[in-house]
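In what follows, a structure is listed as structure tokens, so that the remarks can point back to it.
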Amino acid sequence: MADNTEKTENAHSFEEAIDKLEQIVTRLESGDVPLEQAIELFQEGMKLSQWCGLKLEQVERKIEMLMEENGEFRKKPFTNILDESGDPIE
């Protein structure tokens with residue numbers, strides 16, 4: 001199996017990384033993977049998971065919501081968005 005770091009860095013998008021992670025989980029859950037290959041898949045999955053987590057954190061920090069107040073648009077931090085019940089989404 002090729003270098004796992006290279007595979008993670010070559011993921012073209014978050015969605016592709018998630019798809020690859022889902023494929024890895026499916027293969028590992030099948031139980032038909034030899035131990036050495038299972039370890040490699042697990043390591044690749046962990047790196048993909050970490051990469052996706054970092055991407056989500058980066059996007060979360062960038063997201064701002066435009067709110068109209070008194071006819072003007074104002075930027076509001078993502079953390080102040082409320083869910084359907086009116087509670088802040090964390």
Side-chain angles (χ1 to χ4, degrees):
M1 191 168 251
D3 181 74
N4 292 334
T5 304
E6 181 181 310
K7 286 183 179 183
T8 302
E9 291 173 356
N10 288 335
H12 295 293
S13 71
F14 178 81
E15 291 77 12
E16 288 175 353
I18 290 293
D19 287 343
K20 179 65 176 170
L21 188 55
E22 288 174 352
Q23 292 170 9
I24 289 170
V25 169
T26 300
R27 287 186 66 195
L28 290 173
E29 287 179 341
S30 75
D32 295 331
V33 180
L35 180 60
E36 290 296 320
Q37 188 177 13
I39 292 169
E40 289 177 9
L41 287 169
F42 179 80
Q43 290 173 335
E44 182 180 355
M46 290 301 296
K47 288 180 182 186
L48 284 167
S49 176
Q50 290 172 346
W51 184 84
C52 288
L54 289 173
K55 286 293 180 190
L56 286 174
E57 287 176 20
Q58 290 171 355
V59 169
E60 195 172 271
R61 284 189 293 252
K62 291 179 182 178
I63 294 177
E64 294 179 326
M65 188 172 71
L66 286 175
M67 299 290 294
E68 187 174 354
E69 289 182 19
N70 300 326
E72 294 181 21
F73 287 103
R74 300 196 184 263
K75 292 181 181 182
K76 193 170 186 179
F78 179 72
T79 55
N80 291 339
I81 295 176
L82 304 178
D83 65 11
E84 292 174 354
S85 68
D87 295 327
I89 297 175
E90 296 182 29

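Model, not experiment: these values are computed from the prediction. Reckoned from all heavy atoms, side chains included, excluding hydrogens, waters and symmetry mates.
Counting side-chain heavy-atom gaps under 4.5 Å among Ile, Leu, Val, Met, Phe, Trp and Tyr, L54 is found in no cluster with other residues.
With L48 as the partner, the side-chain contact (heavy atoms from CB on, under 4.5 Å) test is satisfied by one option alone out of M46, E44, Q50: E44. Each of V25, I24, D32 was evaluated against L28; a single residue qualifies, I24, per the side-chain contact (heavy atoms from CB on, under 4.5 Å) test.
Taking I18 as the reference, F14, E22, C52 meet the side-chain contact (heavy atoms from CB on, under 4.5 Å) condition, with sequence neighbours excluded. In this structure E15 satisfies the side-chain contact (heavy atoms from CB on, under 4.5 Å) test together with S13, sequence neighbours excluded.
Distance NZ/K20 to CG/L41: 7.0 Å, rounded to 0.5 Å. The structure places CD of E40 at 7.0 Å from CD of E36, a figure rounded to the nearest 0.5 Å.
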